[in-house]
Amino acid sequence: MEQHGIQRPHSPFQFIAAMNRLPAKTTEHLPRKKDGSVNAYSLAIAAQHAYHFETAQLVEAMRACLDANVKLVTTQLDHELILTEVVVKLLGQNNVGGSSEPRQSRH
């Protein structure tokens, strides 16, 4: 959204239209539906709420989720422990969700 000047959508369908206007190279890493098209609806829902967080917080949250996913599929660790750990990371005061106040828009 930041790199391509896409504004926070008021509805998922606005975001889907904006995604469809982007070059294929820009969207090649995004999740796909069975038919091969970008699964933009779930991304649109996330985009509607992303303004509550700084970009760095969102990146760190994705890293924490990726780490948890890797542990879930590659180790024998207790799944509940892994998921509890990622929730604690995501809800930590100095991390994503540390403030209930939405951040100010840069528009």
Side-chain angles (χ1 to χ4, degrees):
M1 289 173 61
E2 288 176 359
Q3 290 177 353
H4 299 284
I6 298 174
Q7 300 295 319
R8 181 171 60 103
H10 295 286
S11 78
F13 302 105
Q14 288 177 321
F15 188 79
I16 293 168
M19 294 294 297
N20 288 336
R21 289 190 296 271
L22 294 174
K25 180 93 172 137
T26 303
T27 62
E28 67 187 6
H29 68 286
L30 297 175
R32 304 281 169 170
K33 297 187 286 188
K34 289 182 182 180
D35 68 3
S37 62
V38 174
N39 187 358
Y41 188 82
S42 59
L43 294 173
I45 300 299
Q48 286 182 294
H49 300 283
Y51 77 99
H52 289 286
F53 306 95
E54 296 293 333
T55 301
Q57 290 176 303
L58 295 170
V59 169
E60 192 58 36
M62 288 298 294
R63 283 193 183 116
C65 290
L66 175 61
D67 291 344
N69 185 58
V70 169
K71 287 178 185 177
L72 286 169
V73 299
T74 63
T75 70
Q76 297 293 319
L77 295 173
D78 180 55
H79 290 181
E80 185 176 341
L81 176 66
I82 294 168
L83 295 173
T84 300
E85 180 182 320
V86 77
V87 168
V88 168
K89 283 181 185 177
L90 294 176
L91 296 177
Q93 265 194 340
N94 294 323
N95 207 338
V96 173
S99 171
S100 61
E101 297 294 320
R103 73 179 176 95
Q104 295 297 314
S105 176
R106 291 183 231 174
H107 300 56

Distance in Å, [X] [atom1] paired with [Y] [atom2], rounded so as to fall on 0.5 Å steps:
X: His52; Y: Leu58; atom1: NE2; atom2: CG; answer: 11.0 Å
X: Leu83; Y: Leu72; atom1: CG; atom2: CG; answer: 5.0 Å
X: Asn69; Y: Lys71; atom1: CG; atom2: NZ; answer: 11.5 Å
X: Glu2; Y: Thr55; atom1: CD; atom2: OG1; answer: 3.0 Å
X: His4; Y: Arg21; atom1: NE2; atom2: CZ; answer: 13.0 Å

Do [X] and [Y] land in one hydrophobic cluster if side-chain heavy atoms of ILVMFWY residues count as linked below 4.5 Å?
X: Ile16; Y: Ile6; value: no
X: Leu77; Y: Val86; value: no
X: Leu22; Y: Met1; value: yes

What heavy-atom pair brings [X] and [Y] nearest, and what distance separates the two atoms?
X: Pro9; Y: Ala44; result: CG-O, 4.1 Å
X: Arg8; Y: Gln48; result: CD-O, 3.4 Å
X: Glu54; Y: Gln57; result: N-OE1, 2.8 Å
X: Ala40; Y: Phe15; result: O-CD2, 4.0 Å

### Message
Which residues pass the side chain to side chain donor-acceptor pair (under 3.5 Å) test with Asp35, not counting sequence neighbours?
### Response
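Partners of Asp35 under the side chain to side chain donor-acceptor pair (under 3.5 Å) test: Ser37.
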### Task
Let me see the working for Met19 and Leu30 under side-chain contact (heavy atoms from CB on, under 4.5 Å), right down to the final yes or no.
CA-CA 10 Å; Met19 294 294 297; Leu30 297 175; 3.1 Å; yes
### Query
When clusters are formed from ILVMFWY side-chain contacts under 4.5 Å, directly or step by step, what else is grouped with Val70?
Leu66
### Query
Are the side chains of Arg32 and Asn39 in touch, meaning some heavy atoms are under 4.5 Å apart?
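Heavy-atom side-chain distance check fails, nothing below 4.5 Å.
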